[in-house]
S.K.: 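Got a structure for you, written out below as structure tokens; questions coming shortly.
Bear in mind the structure is a predicted one, so any value in this text is a computation, not a measurement.
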Amino acid sequence: MSSLIQNEIDFLIERAKKQNPSINEKKIRAAFECANAAHEGQKRRNGEPYIIHPVSVAEIIVEMGLDTDSICAGLLHDCIEDTEFDYKAIENKFGTSVAELVDGVTRLGMLRYSKEQEQFEDLRKMFMAMAKDIRVILIKLADRLHNARTFQFLPERKQRDKALETMEIYAPIAHRLGMSRIKWELEDLSLKCLDPIGYQEIVDGLEKQSSQHEEFLGHIKENISEKLGEAHIESNISARVKHIYSIYRKMYAQHKTINEIYDICAVRVIVDSVTNCYNVLGYIHDLYKPIPGRFKDYISTPKPNGYQSLHTTVIGREGIPFEIQIRTEEMHKMAEYGVAAHWKYKQGLNKAGNEQAFAWIRQLLEAQQDTEAEDFIKAIKVDLFADEVFVFTPRGDVVNMPAGATPIDLAYAIHSAVGNRMVGAKVNGRIAPIDSQLKNGDIVEILTSKETHGPSRDWVKIVKTTEARNKIKQWFKKECREENIMQGRAELDRELRANLLFNGFYESEEIQQNTLEKFSFSTLDELYAAIGYGGITVTKVINKVKDDVHKMRRAQEKVERVLQPQPAKKTAKSQSGVIVEGIENCLVKFARCCTPIPGDEIIGFITRGYGVSIHRRDCVNVRNSGARDEEDRWINVWWDEEILDHKLNQFSTGLQISTRSRIGVLSDVAILFAQAHVNVHELSARDLNDGFGVINAMIDVSGVSQLDNIINRIKNTKGVLDVIRMADGV
């Protein structure tokens, strides 16, 4: 064992003892020896011995202030996955608690951040593990934090994937657990991979302004310290520049450069009591002019993650605004380390006092029981990302809601019956629209009727919280079955026709049965009803039907091909890029129903007075020709390679792009076409239901090879779900 690694473990145990004198040094050293032996000979991507990683993870766990078992699990967390050391061996040597923690972290490490259905199941497992023992996710956060510090040693694509996963899942979880220090570092490290140019621009800007910031903040600290000294209030004053990602978000939201952002400095004042927090606030407002509307009292109304502090933004010298946070030492520890700050295992963390801290985890698990994958992912992002607003009932009760919540959300948060009987709302004593967004401090009264008329279907699109959305869907599921069936069938039929799938679906009992089995329904009426009340999105059904119709038609084509395979090419000349068998210099046009391009297998149809129409051999009109007695009008054709060698020849074809509804997705696709030097004839978009949309484009390409390249690039665009050629037999 190298002296460097030995020094690391000695330093770790020394720090752990400072955090908790009753720490079990012998058990931690045994865990280290075990991990060191298990990982012997293994290297990380940066060339370091692998044991450096688990030791670094354990150091982060020590910094959180966790217990002996958590530190041991941090040292052993990769043993089950990467070595021959298994669960039973860990349990025998270190006990069930350590073994279960290691096993839980190992399972989280196997989660795949991929398709929504898989992501839904993986996140559900993550939250179940968190609900069982919150230490699992704390250890996983430590693991992810150390890995994020070495993202630069991964391949570029994997760097971006891991950084995006960290930004969208792990940083928000750290925020929800109140662990701001870890959240900030995860965000900054992820941003460095996702937008290295933007990141470096902020770093360079801060370095240029560092002397100014230092002088500015030093002067403020001196003024506040002098003022509080006169008032005989003991305090600890610190100042800092806000972390890089928060500045990046501000620049992006306000469309400003780093030089145009002024409120990037913050001062923190830590005092000995809640009373002095409010006293300090008064003295600071004597020193500096507060900005109206920028004061927040998180002491009297803490955030759901337990965060408490007074926030005020004031104007300093030269008119520069800056934020001041005032809190006690206990509040400060909670702000830095969140749930880990009160980790006292001699008392246990499952006491009643912690019930509220983890209520959101249980709510998410309850919400997923009757929720589709897409809705659950959305719910997680709302619950993890959303800022909070605090509103009051007329009785003075404080209710916490996500930013953007409406009176309908509040009604269902109070009780299902209140939401179902809601007919209106008063905000601050005045009648307000039920879709108005609530603000901090609003006093909201829900107006109800004695008769239960039930919610409106439009409310599903208005509400912000998953809880309200699920309760509305449950009401329609229970109360309006016949109406749901009618509405669901009408909606499904409309989309089937729009996608040219209507006949394919209703003429095939096999496709209907496959669709019902896929979504666990026994009859079509049940499927219609689920679409009607919002239990399943019509987009998911359409995607399933489309896949089945494609498969069915491809199978039919093999068995019932109307025409013989294309014969060997004959020597002939062409002006259009297509040679027609037995005919020279005839009028040729390309069919709009299937838009053939070089590289497609093609066939010609002799029209009445309009020459030869060129179709793809898999075109629906070719396959259906036998039923219309038109076989004798089909003729063999092939591409003229001599003319096609010239890249200037362009052929039109259509694309159908399935997307999530996202601002800018149409613009991104248009820019991609421009970058690929593709001429666009038509470009249109329309929204479907539940956050999905379709973009249709008619473009010019030189052939299948170029088209495939363009399709692959479009599929990699953010928000794009699938790309298919239009009118390709569906």
S.K.: Over 60° means perpendicular and under 30° means parallel, so classify the ring planes of Tyr245 and His243, tilted if in between.
M.R.: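 Aromatic pair His243/Tyr245 classed tilted.
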S.K.: Can a donor-acceptor pair be found between the side chains of Glu323 and Gln325 at a distance below 3.5 Å?
M.R.: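 Note: Glu323 and Gln325 side chains meet the donor-acceptor criterion.
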S.K.: For Asn24 and Arg29, which I'm curious about, is there any donor-acceptor pair between the side chains at under 3.5 Å?
M.R.: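 Result is no, nothing qualifies.
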S.K.: Ion pair present between Arg181 and Glu185, side-chain N to carboxylate O less than 4.0 angstrom?
M.R.: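 No.
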S.K.: Please find the pair of heavy atoms, one from Lys464 and one from Ala405, that lie closest to each other, and give the distance.
M.R.: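 Taking every non-hydrogen atom into account, CB-CA, 3.9 Å.
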S.K.: Measuring from atom NE2 of His332 to atom OG of Ser180, what distance do you get when rounded to the nearest 0.5 angstrom?
M.R.: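 Answer rounded to 0.5 Å: 8.5 Å.
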S.K.: Return yes when atom CZ of Phe11 has more than 12 non-hydrogen atoms of other residues, nucleotides or ligands closer than 6.0 Å, and no otherwise.
M.R.: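 Count not over threshold, so no.
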S.K.: Roughly how far apart are Lys471 NZ and Thr465 OG1, rounded to 0.5 Å?
M.R.: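 Going from NZ on Lys471 over to OG1 on Thr465, the span is 8.5 Å.
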S.K.: Would you mind checking if Asp442 and Lys426 are paired as a salt bridge, meaning a charged N to carboxylate O distance below 4.0 Å?
M.R.: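 No, Lys426 and Asp442 are not salt-bridged.
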S.K.: Can you find a side-chain donor-acceptor pair between His285 and Thr312 that sits under 3.5 Å?
M.R.: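 Yes, side-chain donor-acceptor contact under 3.5 Å.
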S.K.: Apply side-chain contact (heavy atoms from CB on, under 4.5 Å) to residues Thr393 and Glu445 and explain how you reach the verdict.
M.R.: CA-CA 6 Å; Thr393 67; Glu445 179 183 357; over 6 Å; no
S.K.: Once rounded to the nearest 0.5 Å, what's the spacing between atom CG of Leu410 and atom CD1 of Ile434?
M.R.: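 Here the rounded value is 13.0 Å.
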S.K.: Without swapping roles, check the side chain of Arg240 against the backbone of Cys265 for a donor-acceptor pair under 3.5 Å.
M.R.: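 No; judged by distance alone, with no hydrogens or angles, the pair does not exist.
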S.K.: Decide whether Tyr278 and Asp297 meet the rule of one side-chain donor and one side-chain acceptor closer than 3.5 Å.
M.R.: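 Per modelled atom types, Tyr278 and Asp297 side chains form a pair under 3.5 Å.
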S.K.: May I have the step-by-step check of side-chain contact (heavy atoms from CB on, under 4.5 Å) for Met334 and Tyr307, ending in yes or no?
M.R.: CA-CA 6 Å; Met334 183 63 191; Tyr307 177 88; 5.9 Å; no
S.K.: Tell me, with the steps shown, if Leu189 and Leu145 meet side-chain contact (heavy atoms from CB on, under 4.5 Å).
M.R.: CA-CA 9 Å; Leu189 293 169; Leu145 178 57; 4.3 Å; yes
S.K.: To the closest 0.5 Å, what do you measure between OG (Ser70) and CD1 (Ile139)?
M.R.: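 Nearest 0.5 Å value for the OG-CD1 distance: 4.5 Å.
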S.K.: Does any part of the side chain of Gln200, heavy atoms only, come nearer than 4.5 Å to the side chain of Val203, both counted from C-beta?
M.R.: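 The answer is yes; the side chains approach within 4.5 Å.
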S.K.: Going by heavy atoms in the side chains, are Val241 and Gln209 under 4.5 Å from each other?
M.R.: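 A side-chain contact under 4.5 Å is absent here.
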S.K.: Checking the side chain of Thr301 only, and the main-chain atoms of Tyr298 only, is there a donor and an acceptor separated by less than 3.5 Å?
M.R.: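 Judged by distance alone, no pair lies under 3.5 Å.
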S.K.: Go through Leu12 and Ile9 one step at a time and tell me if the side-chain contact (heavy atoms from CB on, under 4.5 Å) criterion holds.
M.R.: CA-CA 5 Å; Leu12 181 146; Ile9 194 64; 4.2 Å; yes
S.K.: Where the side chain of Thr406 meets the backbone of Ile408, is there a donor-acceptor pair that is under 3.5 Å apart?
M.R.: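 Yes; at least one donor-acceptor contact below 3.5 Å.
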S.K.: Are the side chain of Asn428 and the backbone N or O of Ile443 linked by a donor-acceptor pair below 3.5 Å?
M.R.: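 Answer holds: yes.
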S.K.: Please give me the minimum heavy-atom distance between Ile446 and Pro407, naming the atom from each residue.
M.R.: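 Minimum heavy-atom contact is CD1-O, 3.5 Å.
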S.K.: Can you tell me how far CD1 of Ile284 sits from CG of Leu228, rounded to the nearest 0.5 angstrom?
M.R.: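 That separation rounds to 6.5 Å.
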S.K.: With a 4.0 Å cut-off on N to O distance, would you call Lys140 and Asp143 a salt bridge?
M.R.: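 Between Asp143 and Lys140 there is a salt bridge, with a charged N closer than 4.0 Å to a carboxylate O.
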S.K.: Run the salt-bridge test on Lys17 and Glu25 with the 4.0 Å N-O cut-off and return the result as yes or no.
M.R.: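 Salt bridge: yes.
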S.K.: Let me know which of Ile71, Ile51, Leu76, Ile13 forms a side-chain contact (heavy atoms from CB on, under 4.5 Å) with Phe32.
M.R.: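 So, applying the side-chain contact (heavy atoms from CB on, under 4.5 Å) to Phe32 and each of Ile71, Ile51, Leu76, Ile13, only Ile51 qualifies.
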S.K.: Using every non-hydrogen atom in the two residues, find where Ala174 and Ile182 come nearest and quote the distance to one decimal.
M.R.: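 Smallest interatomic distance, heavy atoms only, reads CB-CG2, 4.2 Å.
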S.K.: So for atom NZ, which belongs to Lys296, do other residues, nucleotides or ligands contribute more than 12 heavy atoms lying within a distance under 6.0 Å?
M.R.: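 No - once you tally the heavy atoms of other residues, nucleotides and ligands closer than 6.0 Å, there are 12 at most.
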S.K.: What's the separation between atom CG in Leu310 and atom SG in Cys277, rounded to the nearest 0.5 Å?
M.R.: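 Leu310 CG to Cys277 SG: 5.5 Å, rounded to 0.5 Å.
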S.K.: With a 6.0 Å cut-off (strictly less than), is the heavy-atom count around CD of Glu215, excluding the residue itself, greater than 12?
M.R.: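 It does not: Glu215 CD has 12 such atoms or fewer within range.
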S.K.: Is it true that Thr150 and Asn46 share a donor-acceptor pair across their side chains at a distance under 3.5 Å?
M.R.: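 No - no donor-acceptor pair under 3.5 Å links their side chains.
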S.K.: Does the ring-ring contact (aromatic ring centres under 6.0 Å, His included) test come out yes or no for Phe295 and His311, once each step is laid out?
M.R.: CA-CA 6 Å; Phe295 168 67; His311 288 199; 9.2 Å; no
S.K.: Does the side chain of Asn223 pick up a donor-acceptor pair with the side chain of Tyr288 at under 3.5 Å?
M.R.: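 The criterion, which ignores hydrogens and geometry beyond distance, is satisfied for Tyr288 and Asn223.
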S.K.: Does the side chain of Val62 reach to within under 4.5 Å of the side chain of Ile23, using non-hydrogen atoms?
M.R.: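 Not in contact.
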S.K.: Within a strict 4.5 Å, meaning less than it, do heavy atoms of the Met167 and Leu194 side chains meet?
M.R.: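 Side chain of Met167 against side chain of Leu194, heavy atoms only: contact under 4.5 Å found.
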S.K.: Measure the acute angle between the ring planes of His53 and His146, then classify it against the limits of 30° and 60° as parallel, tilted or perpendicular.
M.R.: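 Correct class here is tilted.
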S.K.: Between Thr166 and Arg144, is there a side-chain donor-acceptor contact under 3.5 Å, judged purely by atom types and distance?
M.R.: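 Looking only at side-chain atoms, Thr166 and Arg144 do form a donor-acceptor pair, the distance falling under 3.5 Å.
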S.K.: Identify the heavy atoms of Val391 and Lys439 that sit nearest to each other, and give their distance.
M.R.: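 Nearest pair, atom of Val391 first, then Lys439: CG1-O, 3.6 Å.
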S.K.: Any non-hydrogen side-chain atom of Leu164 less than 4.5 Å from a side-chain atom of Ser190?
M.R.: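 No, their side chains stay 4.5 Å or more apart.
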S.K.: Where is the tightest heavy-atom contact between Leu186 and Ala148, given as atom of each residue plus distance?
M.R.: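 Heavy-atom minimum between the residues: CD2-CB, 4.3 Å.
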S.K.: Looking only at non-hydrogen atoms, find the nearest pair between Arg160 and Cys193 and report the distance.
M.R.: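 Minimum heavy-atom contact is NH1-O, 3.5 Å.
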S.K.: Are the side chains of Ile61 and His77 in contact, using a 4.5 Å heavy-atom criterion?
M.R.: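 A side-chain contact under 4.5 Å is absent here.
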S.K.: Tell me, do Ile202 and Met251 make a side-chain contact under 4.5 Å, heavy atoms counted?
M.R.: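 Of all side-chain heavy-atom pairs linking Met251 with Ile202, at least one is under 4.5 Å.
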S.K.: Is the NZ atom of Lys192 crowded by more than 12 outside heavy atoms at less than 6.0 Å?
M.R.: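 Check fails, neighbour count at 12 or below.
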S.K.: Run through Leu281, Ile270, Ile233 and flag the one making a side-chain contact (heavy atoms from CB on, under 4.5 Å) with Asn276.
M.R.: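 Per the side-chain contact (heavy atoms from CB on, under 4.5 Å) rule, the option paired with Asn276 is Ile233, out of Leu281, Ile270, Ile233.
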S.K.: Between Arg135 and Ser97, do the side chains contain a donor N or O and an acceptor N or O under 3.5 Å apart?
M.R.: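 Yes, because at least one side-chain N or O of Ser97 sits under 3.5 Å from a partner of the opposite role on Arg135.
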S.K.: Within the 4.5 Å heavy-atom criterion, are Leu138 and Met179 side-chain neighbours or not?
M.R.: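 Counting from C-beta outward, Leu138 and Met179 do come under 4.5 Å.
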